[in-house]
There are 2 protein chains.
Amino acid sequence: MSRAKQQLTVFRALGEADGPLSARELWSRLGGAGVGLATVYRALRRGVEDGTLESVELLGGGVRYEPKDREHHHHFLCSICNHAFDLFGCVEGLESLVPDGFQMTGHEVVLRGTCDECANAA
Amino acid sequence: MSRAKQQLTVFRALGEADGPLSARELWSRLGGAGVGLATVYRALRRGVEDGTLESVELLGGGVRYEPKDREHHHHFLCSICNHAFDLFGCVEGLESLVPDGFQMTGHEVVLRGTCDECANAA
DNA sequence: AGAGAAATGATAATCGACTCTCAATAGTCG
DNA sequence: CGACTATTGAGAGTCGATTATCATTTCTCT
(Lines give C-alpha, C1' and ligand atoms only; values in the text may rest on other atoms or scores of the structure.)
Protein backbone atom coordinates (compact mmCIF):
# COMPACT_ATOMS: atom_id res chain seq x y z
CA MET A 1 0.00 0.00 0.00
CA SER A 2 1.22 3.46 -0.79
CA ARG A 3 2.25 5.20 2.32
CA ALA A 4 0.82 8.53 1.39
CA LYS A 5 -1.61 9.71 3.93
CA GLN A 6 -2.69 6.53 5.51
CA GLN A 7 -4.46 8.90 7.74
CA LEU A 8 -6.85 9.51 4.89
CA THR A 9 -7.44 5.79 4.63
CA VAL A 10 -8.33 5.71 8.27
CA PHE A 11 -10.69 8.64 7.96
CA ARG A 12 -12.34 7.18 4.91
CA ALA A 13 -12.98 3.88 6.65
CA LEU A 14 -14.53 5.73 9.55
CA GLY A 15 -16.68 7.76 7.23
CA GLU A 16 -18.02 4.65 5.56
CA ALA A 17 -18.83 2.86 8.78
CA ASP A 18 -22.38 2.62 10.07
CA GLY A 19 -21.27 3.61 13.52
CA PRO A 20 -18.28 4.56 15.60
CA LEU A 21 -15.35 2.16 15.47
CA SER A 22 -12.75 1.25 18.00
CA ALA A 23 -9.09 1.35 17.08
CA ARG A 24 -9.02 -2.40 16.71
CA GLU A 25 -12.20 -2.63 14.69
CA LEU A 26 -10.79 -0.03 12.40
CA TRP A 27 -7.51 -1.83 12.17
CA SER A 28 -9.09 -5.12 11.19
CA ARG A 29 -11.26 -3.38 8.62
CA LEU A 30 -8.17 -1.97 7.04
CA GLY A 31 -6.93 -5.46 6.48
CA GLY A 32 -4.79 -5.90 9.54
CA ALA A 33 -1.74 -6.42 7.41
CA GLY A 34 -0.90 -3.41 5.32
CA VAL A 35 -1.53 -0.83 7.98
CA GLY A 36 0.12 -0.95 11.37
CA LEU A 37 -1.88 -0.71 14.53
CA ALA A 38 0.34 2.10 15.66
CA THR A 39 -0.57 4.06 12.57
CA VAL A 40 -4.24 3.62 13.28
CA TYR A 41 -3.77 4.94 16.78
CA ARG A 42 -1.70 7.82 15.51
CA ALA A 43 -4.25 8.77 12.91
CA LEU A 44 -7.03 8.63 15.46
CA ARG A 45 -5.16 10.71 17.95
CA ARG A 46 -4.30 13.32 15.38
CA GLY A 47 -7.85 13.33 14.14
CA VAL A 48 -9.14 14.08 17.60
CA GLU A 49 -6.55 16.83 18.07
CA ASP A 50 -7.50 18.30 14.70
CA GLY A 51 -11.12 18.27 15.61
CA THR A 52 -11.83 16.03 12.64
CA LEU A 53 -12.73 13.07 14.77
CA GLU A 54 -14.55 12.62 17.98
CA SER A 55 -14.11 9.87 20.51
CA VAL A 56 -17.15 8.36 22.12
CA GLU A 57 -17.23 5.91 24.95
CA LEU A 58 -20.19 3.58 25.15
CA LEU A 59 -21.06 1.15 27.87
CA GLY A 60 -19.02 -1.96 27.81
CA GLY A 61 -17.22 -1.15 24.67
CA GLY A 62 -14.22 1.02 25.30
CA VAL A 63 -13.42 4.04 23.20
CA ARG A 64 -14.63 4.39 19.64
CA TYR A 65 -14.17 7.11 17.10
CA GLU A 66 -16.38 8.78 14.54
CA PRO A 67 -16.19 11.77 12.20
CA LYS A 68 -17.13 14.93 13.98
CA ASP A 69 -19.13 16.37 11.12
CA ARG A 70 -22.15 14.21 11.83
CA GLU A 71 -25.39 15.60 13.10
CA HIS A 72 -26.37 15.03 16.67
CA HIS A 73 -27.17 11.37 17.07
CA HIS A 74 -26.92 8.44 19.41
CA HIS A 75 -25.93 4.82 19.30
CA PHE A 76 -27.20 1.30 19.46
CA LEU A 77 -24.87 -1.29 20.93
CA CYS A 78 -25.51 -4.88 19.92
CA SER A 79 -24.91 -7.15 22.87
CA ILE A 80 -24.09 -10.07 20.60
CA CYS A 81 -21.70 -8.78 17.99
CA ASN A 82 -20.74 -5.85 20.18
CA HIS A 83 -20.89 -3.50 17.25
CA ALA A 84 -22.10 0.07 17.64
CA PHE A 85 -24.58 1.54 15.18
CA ASP A 86 -25.52 5.14 14.59
CA LEU A 87 -29.08 6.11 15.35
CA PHE A 88 -30.90 9.14 14.09
CA GLY A 89 -32.96 11.52 16.08
CA CYS A 90 -32.99 12.29 19.74
CA VAL A 91 -35.28 12.16 22.72
CA GLU A 92 -37.44 14.56 24.68
CA GLY A 93 -37.47 15.44 28.30
CA LEU A 94 -33.81 15.39 29.16
CA GLU A 95 -33.89 18.75 30.86
CA SER A 96 -36.42 17.58 33.39
CA LEU A 97 -33.93 15.04 34.70
CA VAL A 98 -31.30 17.59 35.64
CA PRO A 99 -31.22 18.29 39.39
CA ASP A 100 -31.35 21.83 40.69
CA GLY A 101 -28.02 23.56 40.57
CA PHE A 102 -26.58 21.20 38.00
CA GLN A 103 -25.64 22.44 34.57
CA MET A 104 -26.06 20.09 31.64
CA THR A 105 -23.67 20.56 28.77
CA GLY A 106 -24.33 17.40 26.85
CA HIS A 107 -25.86 14.00 26.91
CA GLU A 108 -25.50 10.54 25.55
CA VAL A 109 -28.13 7.92 24.89
CA VAL A 110 -27.19 4.33 24.28
CA LEU A 111 -29.64 1.65 23.40
CA ARG A 112 -28.69 -1.92 23.98
CA GLY A 113 -30.12 -4.98 22.33
CA THR A 114 -29.73 -7.12 19.28
CA CYS A 115 -28.97 -5.77 15.87
CA ASP A 116 -30.73 -6.73 12.68
CA GLU A 117 -28.18 -9.28 11.63
CA CYS A 118 -27.70 -10.96 14.99
CA ALA A 119 -31.45 -11.13 15.56
CA ASN A 120 -31.87 -13.05 12.31
CA ALA A 121 -28.93 -15.31 12.95
CA ALA A 122 -30.26 -16.35 16.35
CA MET B 1 -11.37 -2.80 61.79
CA SER B 2 -13.22 -5.95 62.60
CA ARG B 3 -12.97 -8.34 59.80
CA ALA B 4 -16.47 -9.61 59.97
CA LYS B 5 -18.21 -9.13 56.74
CA GLN B 6 -16.29 -6.33 55.21
CA GLN B 7 -18.54 -7.09 52.36
CA LEU B 8 -21.31 -5.49 54.36
CA THR B 9 -19.20 -2.42 54.81
CA VAL B 10 -18.77 -2.22 51.10
CA PHE B 11 -22.46 -2.63 50.46
CA ARG B 12 -23.37 -0.06 53.03
CA ALA B 13 -21.03 2.50 51.53
CA LEU B 14 -22.56 1.91 48.15
CA GLY B 15 -26.05 2.23 49.55
CA GLU B 16 -25.23 5.58 51.09
CA ALA B 17 -23.66 7.02 47.97
CA ASP B 18 -25.53 9.47 45.79
CA GLY B 19 -24.55 7.59 42.70
CA PRO B 20 -22.65 4.57 41.45
CA LEU B 21 -19.05 4.29 42.63
CA SER B 22 -16.02 2.82 41.02
CA ALA B 23 -13.91 0.32 42.89
CA ARG B 24 -11.35 2.98 43.62
CA GLU B 25 -13.83 5.60 44.72
CA LEU B 26 -15.30 3.06 47.04
CA TRP B 27 -11.92 2.09 48.32
CA SER B 28 -10.95 5.66 49.15
CA ARG B 29 -14.28 6.25 50.84
CA LEU B 30 -13.59 3.30 53.06
CA GLY B 31 -10.47 4.99 54.22
CA GLY B 32 -7.96 3.44 51.90
CA ALA B 33 -6.11 1.97 54.82
CA GLY B 34 -8.17 -0.48 56.79
CA VAL B 35 -9.70 -2.23 53.84
CA GLY B 36 -7.65 -3.69 51.07
CA LEU B 37 -8.34 -2.89 47.47
CA ALA B 38 -8.53 -6.58 46.74
CA THR B 39 -11.29 -6.93 49.28
CA VAL B 40 -13.24 -4.18 47.63
CA TYR B 41 -12.94 -5.89 44.28
CA ARG B 42 -13.88 -9.21 45.82
CA ALA B 43 -16.94 -7.77 47.49
CA LEU B 44 -18.01 -6.09 44.29
CA ARG B 45 -17.56 -9.20 42.25
CA ARG B 46 -19.49 -11.30 44.69
CA GLY B 47 -22.18 -8.68 44.84
CA VAL B 48 -22.63 -8.77 41.11
CA GLU B 49 -22.69 -12.56 41.12
CA ASP B 50 -25.26 -12.53 43.92
CA GLY B 51 -27.42 -10.13 42.04
CA THR B 52 -27.12 -7.67 44.91
CA LEU B 53 -25.08 -5.21 42.92
CA GLU B 54 -25.12 -4.04 39.39
CA SER B 55 -22.25 -2.71 37.37
CA VAL B 56 -22.79 0.26 35.14
CA GLU B 57 -20.39 1.70 32.69
CA LEU B 58 -20.67 5.37 31.86
CA LEU B 59 -18.85 7.33 29.24
CA GLY B 60 -15.38 8.26 30.23
CA GLY B 61 -15.61 6.79 33.63
CA GLY B 62 -14.91 3.10 33.65
CA VAL B 63 -17.01 0.64 35.59
CA ARG B 64 -19.02 1.67 38.61
CA TYR B 65 -21.28 -0.27 40.90
CA GLU B 66 -24.60 0.38 42.54
CA PRO B 67 -27.18 -1.57 44.52
CA LYS B 68 -29.51 -3.42 42.22
CA ASP B 69 -32.61 -2.68 44.23
CA ARG B 70 -32.96 0.83 42.90
CA GLU B 71 -35.71 1.91 40.59
CA HIS B 72 -34.95 2.53 36.97
CA HIS B 73 -32.86 5.63 36.76
CA HIS B 74 -30.03 7.29 34.91
CA HIS B 75 -26.90 9.23 35.72
CA PHE B 76 -25.28 12.60 35.58
CA LEU B 77 -21.55 12.66 35.13
CA CYS B 78 -19.77 15.79 36.31
CA SER B 79 -16.98 16.64 33.93
CA ILE B 80 -15.06 18.44 36.66
CA CYS B 81 -15.07 16.17 39.66
CA ASN B 82 -15.84 13.15 37.51
CA HIS B 83 -18.36 11.92 40.00
CA ALA B 84 -21.54 10.17 38.89
CA PHE B 85 -24.90 11.13 40.38
CA ASP B 86 -28.16 9.28 40.28
CA LEU B 87 -31.00 10.93 38.44
CA PHE B 88 -34.66 10.16 38.78
CA GLY B 89 -37.10 9.60 36.00
CA CYS B 90 -36.62 8.63 32.44
CA VAL B 91 -37.23 9.95 28.97
CA GLU B 92 -39.76 9.47 26.21
CA GLY B 93 -39.37 8.46 22.64
CA LEU B 94 -36.62 5.88 22.89
CA GLU B 95 -38.50 3.32 20.83
CA SER B 96 -38.69 5.63 17.87
CA LEU B 97 -34.90 5.59 17.62
CA VAL B 98 -34.65 1.86 17.15
CA PRO B 99 -34.01 0.88 13.52
CA ASP B 100 -36.17 -1.74 11.80
CA GLY B 101 -35.16 -5.25 12.65
CA PHE B 102 -33.31 -4.25 15.80
CA GLN B 103 -34.50 -5.39 19.19
CA MET B 104 -33.97 -3.10 22.14
CA THR B 105 -33.52 -4.75 25.50
CA GLY B 106 -32.32 -1.81 27.51
CA HIS B 107 -31.00 1.67 27.41
CA GLU B 108 -28.75 4.07 29.21
CA VAL B 109 -28.94 7.83 29.39
CA VAL B 110 -26.02 9.84 30.65
CA LEU B 111 -26.07 13.57 31.11
CA ARG B 112 -22.81 15.41 31.23
CA GLY B 113 -22.11 18.74 32.74
CA THR B 114 -21.24 20.38 36.00
CA CYS B 115 -22.60 19.30 39.32
CA ASP B 116 -23.99 21.58 41.97
CA GLU B 117 -20.82 21.77 43.97
CA CYS B 118 -18.41 22.23 41.09
CA ALA B 119 -20.64 24.87 39.51
CA ASN B 120 -20.50 26.92 42.70
CA ALA B 121 -16.80 26.42 43.18
CA ALA B 122 -16.03 27.70 39.70
C1' DA C 1 18.06 12.75 -8.73
C1' DG C 2 19.29 14.27 -3.84
C1' DA C 3 18.66 16.22 0.92
C1' DG C 4 15.92 16.75 4.71
C1' DA C 5 11.39 16.22 6.91
C1' DA C 6 7.50 13.41 7.94
C1' DA C 7 5.15 9.04 8.21
C1' DT C 8 5.18 4.11 8.80
C1' DG C 9 5.30 -0.78 10.80
C1' DA C 10 6.96 -4.01 14.11
C1' DT C 11 7.69 -4.53 18.53
C1' DA C 12 8.99 -3.19 23.15
C1' DA C 13 7.44 -0.57 26.90
C1' DT C 14 4.02 1.49 29.66
C1' DC C 15 -0.20 2.11 32.03
C1' DG C 16 -4.35 1.20 34.60
C1' DA C 17 -7.58 -2.00 36.06
C1' DC C 18 -8.31 -6.12 37.90
C1' DT C 19 -7.15 -10.87 39.71
C1' DC C 20 -4.28 -14.25 41.95
C1' DT C 21 -1.26 -15.94 45.64
C1' DC C 22 -0.33 -16.75 50.20
C1' DA C 23 0.60 -16.28 54.89
C1' DA C 24 -1.86 -14.35 58.75
C1' DT C 25 -6.24 -13.43 61.05
C1' DA C 26 -10.99 -13.86 62.38
C1' DG C 27 -15.15 -16.60 62.54
C1' DT C 28 -17.60 -21.08 63.56
C1' DC C 29 -18.81 -24.77 66.17
C1' DG C 30 -18.20 -28.61 69.21
C1' DC D 1 -10.25 -23.65 74.44
C1' DG D 2 -8.94 -26.04 69.83
C1' DA D 3 -9.42 -27.60 65.05
C1' DC D 4 -11.16 -26.12 60.72
C1' DT D 5 -12.81 -22.96 57.32
C1' DA D 6 -13.57 -18.45 55.31
C1' DT D 7 -11.87 -13.81 54.77
C1' DT D 8 -8.42 -10.47 54.51
C1' DG D 9 -4.41 -7.31 53.07
C1' DA D 10 -0.35 -6.58 50.52
C1' DG D 11 1.88 -7.16 46.75
C1' DA D 12 3.03 -9.78 42.56
C1' DG D 13 1.11 -11.12 38.30
C1' DT D 14 -1.96 -10.74 34.34
C1' DC D 15 -4.40 -8.68 30.69
C1' DG D 16 -5.78 -5.47 27.21
C1' DA D 17 -5.28 -0.97 25.47
C1' DT D 18 -2.39 2.64 24.17
C1' DT D 19 2.11 4.87 23.45
C1' DA D 20 7.12 5.16 22.58
C1' DT D 21 11.14 3.70 20.01
C1' DC D 22 13.69 3.32 15.94
C1' DA D 23 15.29 1.84 11.64
C1' DT D 24 13.28 2.24 7.17
C1' DT D 25 10.45 4.19 3.60
C1' DT D 26 7.97 7.85 1.36
C1' DC D 27 7.20 12.86 0.48
C1' DT D 28 8.36 17.44 -0.67
C1' DC D 29 11.04 20.66 -2.72
C1' DT D 30 14.70 22.03 -5.46
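A, B, ... follow the sequence lines: proteins, then strands. Residue 1 opens every chain.
The distance from atom CZ of Arg46(B) to atom C1' of dC18(C) is 15 Å, rounded to the nearest whole Å. What separates CH2 of Trp27(B) from P of dT8(D) is a distance of 16 Å, to the nearest Å. In this structure, CG of Leu21(B) is placed 15 Å from P of dA17(C), rounded to the nearest angstrom. Residue Asn82(B) contributes atom CG, which lies 15 Å from atom C1' of dG16(C) at whole-angstrom precision. Straight-line distance from the CZ atom of Phe11(A) to the P atom of dA7(C): 12 Å, rounded to whole Å.
The backbone N or O of Glu71(A) sits less than 3.5 Å from a side-chain atom of His73(A), completing a donor-acceptor pair. Side chain of Arg42(B) to main chain of Leu37(B): no donor-acceptor pair is present (N/O by atom type, distance under 3.5 Å, no hydrogens or angles).
Between Leu87(A) and Val109(A) there is no side-chain heavy-atom pair separated by less than 4.5 Å. Between Leu77(B) and Leu111(B), every side-chain heavy-atom pair lies at or beyond the 4.5 Å cut-off. The closest side-chain heavy-atom distance from Glu108(A) to His75(A) is below 4.5 Å.
Ring geometry for His107(A) versus His74(A): interplanar angle of 30 to 60°, hence tilted.
For dT8(D), the OP1/OP2 oxygens have no side-chain nitrogen or oxygen of Thr39(B) closer than 4.0 Å.
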> So Leu58(A) and Val63(A), side chain to side chain contact (heavy atoms under 4.5 Å, CB included) or not? Walk me through it.
Replying inline: CA-CA 7 Å; Leu58(A) 308 179; Val63(A) 183; over 6 Å; no

>> For nucleotides 16-22 of chain D, give me one character per nucleotide, 5' to 3': B if any protein heavy atom sits under 4.0 Å from the base, S if the only such contacts are to the sugar-phosphate, - if neither.
In response: -SBBBB-

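Five base pairs at each end of the helix from dA1(C)-dT30(D) to dG30(C)-dC1(D) define two local axes, and these are offset by 30° (rounded to 10°).
The residues Glu25(B) and Arg64(B) are annotated as salt-bridged, a charged nitrogen and a carboxylate oxygen being separated by less than 4.0 angstrom.
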